[in-house]
Amino acid sequence: MTQTTGADTPRNPFLAEVKDAVTPRATLLVIGVVALHLLFIASYVGALHDPKPKDVPFGVVAPEAAAQQAVTRLANLPGDPLDPRVVPDEATARTKILNRELDGALLIAPDGTTDTLLVATGGGRVLASTLETLVTTLEKSEARTLRTIDVAPADRHDANGLSSFYVTVGWCVGGYLCASIMTISSGAGRPTSRRSLIRLIAMALVAIAGGLGGALIVGPILGALPGSTAALWGLGALIIFAVGAATLASQALFGLAGIGLVILIVVILGNPSAGGALPPPLLPPFWREIGPALPPGAGTWAARSIAYFKGNDITAALLTLSAWAAAGTAITLLAARLRNRKP
């Protein structure tokens with residue numbers, strides 16, 4: 001009786017079907033997706049599950065001796081929720097809040113028992129409520145009462161002051177989706193310098209259209225954000241192009257895996273640290289530090305400044321977005337040029 005060798009033995013049909021259904025490349029992609037969604041959960045829950053104020057810039061207006069005593073008392077609160085400093089008068093406190101140098105201020109009445117708290121719900125209703133609750137508790141412990149004045153109130157159609165965050169997220173999504181589609185639709189061909197330049201020009205046109213559309217939707221159409229429609233248009237165009245150029249650069253360097261890198265930076269790290277659901281002083285240290293350097297954080301800060309703070313303190317955010325746009329453009333063109341010079 002003859003025996004068949006191992007080489008002649010038919011392979012297991014089920015294992016062969018598994019190998020055909022889930023290729024090694026698909027396996028790597030699935031592992032990458034699992035890692036991304038676990039990072040998504042860790043980042044969002046880590047940033048937003050337990051908001052606590054930390055070093056909130058806070059002013060105190062009172063006669064000299066009383067002001068210093070109040071600053072000392074506020075600075076020694078458990079957990080360091082406030083970063084208090086003496087402010088000479090109410091007008092200066094209001095100006096500093098509108099300039100986004102302070103998030104609130106306490107005006108102590110020298111001849112009465114009712115003090116005044118200045119807040120700005122345009123910078124985030126959650127932060128304003130947190131300050132009001134904290135100061136009210138302190139005032140009750142000293143048998144004093146508190147009235148609250150909203151220096152920069154959020155629009156009544158802007159629920160919880162989140163419209164600036166949502167429009168920024170929409171602009172970011174438009175940037176990386178449009179850039180990804182332009183690359184994926186052309187197949188796996190190596191990008192040439194000319195093709196990369198065309199994609200960047202197309203991205204700029206998309207940014208102009210998307211920026212205008214978003215500004216019109218949150219402004220004249222829905223009335224969700226006050227402020228200059230033209231300024232929001234410019235901001236939206238810059239956000240879309242910055243994220244789109246960064247996406248093209250990431251894909252030029254890492255291929256399709258670059259899409260995952262952009263999702264990691266913009267969505268997983270950028271959105272929870274943007275100061276949307278929770279303003280920066282309520283975020284844990286890691287997210288508070290990275291937020292201003294990423295497009296969602298810079299965009300949300302700039303949108304709120306345009307809507308509620310007369311465009312004050314917007315320069316750093318615009319420089320951050322411009323840096324992303326410039327770096328993305330340069331890397332996209334340089335990577336295409338270097339790749340096509342290789343034999």
Can you give me every donor-acceptor pair (side chain of residues 240-265, partner residue at least two apart or in another chain, under 3.5 Å) with its distance?
{"residue": "T247", "atom": "OG1", "partner": "V243", "partner atom": "O", "Å": "2.8"}
{"residue": "S250", "atom": "OG", "partner": "G258", "partner atom": "O", "Å": "2.9"}
{"residue": "Q251", "atom": "OE1", "partner": "T183", "partner atom": "OG1", "Å": "2.6"}
{"residue": "Q251", "atom": "NE2", "partner": "S180", "partner atom": "OG", "Å": "3.4"}

Exercise for the section: Give a yes or no on whether the backbone of E139 and the side-chain of R144 come within a donor-acceptor separation of less than 3.5 Å. Expected result: no
Practice task
Please check if the side chain of S196 supplies one atom and the backbone of S193 the other of a donor-acceptor pair under 3.5 Å.
Solution key: no
Handout entry: Under 3.5 Å donor-acceptor, T136 side chain and E132 backbone
Key = yes
Exercise for the section: Check whether any side-chain N or O of D158 sits under 3.5 Å from a backbone N or O of S163 as a donor-acceptor pair, and report yes or no. Expected result: yes
Completion exercise
CG (L118) and CG (L107) are apart, to the nearest 0.5 Å, by 4.5 Å
Handout entry: Any D80 side-chain heavy atom under 4.5 Å of K54 side chain
Key = yes
Problem - Pair D155-Y308, side-chain donor/acceptor within less than 3.5 Å - result: no
Practice task
Any chance you could measure L338, atom CG, to L333, atom CG, to the nearest 0.5 Å?
Solution key: 11.0 Å
Exercise for the section: For E90, enumerate each residue passing the salt bridge (Lys or Arg N to Asp or Glu O under 4.0 Å) test, keeping only those at least two apart in sequence or located in another chain. Expected result: R94
Practice task
Verify whether one side chain among T116 and R147 offers a donor that lies under 3.5 Å from an acceptor in the other.
Solution key: yes
Handout entry: Residues T121 and D150: side-chain donor-acceptor under 3.5 angstrom
Key = yes
Exercise for the section: Verify, without hydrogens or angle tests, whether S305 (side chain) and N312 (backbone) share a donor-acceptor contact under 3.5 angstrom. Expected result: yes
Practice task
Ignoring hydrogens and angles, tell me if any N or O in the side chain of S43 forms a donor-acceptor pair with the backbone of I268 under 3.5 Å.
Solution key: yes
Practice task
Look only at the side chain of W301 and the backbone of D313, and say whether a donor-acceptor pair between them is shorter than 3.5 Å.
Solution key: yes
Problem - Verdict with supporting geometry, R73 and E142, salt bridge (Lys or Arg N to Asp or Glu O under 4.0 Å) - result: CA-CA 12 Å; R73 178 164 52 92; E142 297 187 357; 3.1 Å; yes
Exercise for the section: Give a yes or no on whether the backbone of G124 and the side-chain of R304 come within a donor-acceptor separation of less than 3.5 Å. Expected result: no
Problem - Minimum heavy-atom distance between F58 and A105, given as atom pair plus value - result: CE1-N, 3.7 Å
Fill in the blank from the handout: Nearest heavy-atom contact between T168 and A303 is OG1-CB, 4.2 Å
Exercise for the section: Locate the shortest heavy-atom distance separating M182 from A202; write the atom from each residue and the value. Expected result: SD-CB, 3.8 Å
Exercise for the section: To the nearest 0.5 angstrom, please state how far the OG1 atom of T145 sits from the NZ atom of K140. Expected result: 10.5 Å
Handout entry: Heavy-atom closest contact (D115 atom, L106 atom, distance)
Key = CB-CD1, 4.0 Å
Exercise for the section: Looking only at non-hydrogen atoms, find the nearest pair between A47 and P272 and report the distance. Expected result: CB-CB, 3.8 Å
Exercise for the section: Could you tell me whether the side chain of W324 and the main chain of A293 form a donor-acceptor pair under 3.5 Å? Expected result: yes
Practice task
Would you confirm whether W233, through its side chain, and I208, through its main-chain N or O, come within 3.5 Å as a donor-acceptor pair?
Solution key: yes
Completion exercise
Between the CG atom in D103 and the CG atom in L131, the distance rounded to the nearest 0.5 Å is 7.0 Å
Exercise for the section: Looking only at non-hydrogen atoms, find the nearest pair between V135 and L117 and report the distance. Expected result: CG2-CD1, 4.2 Å
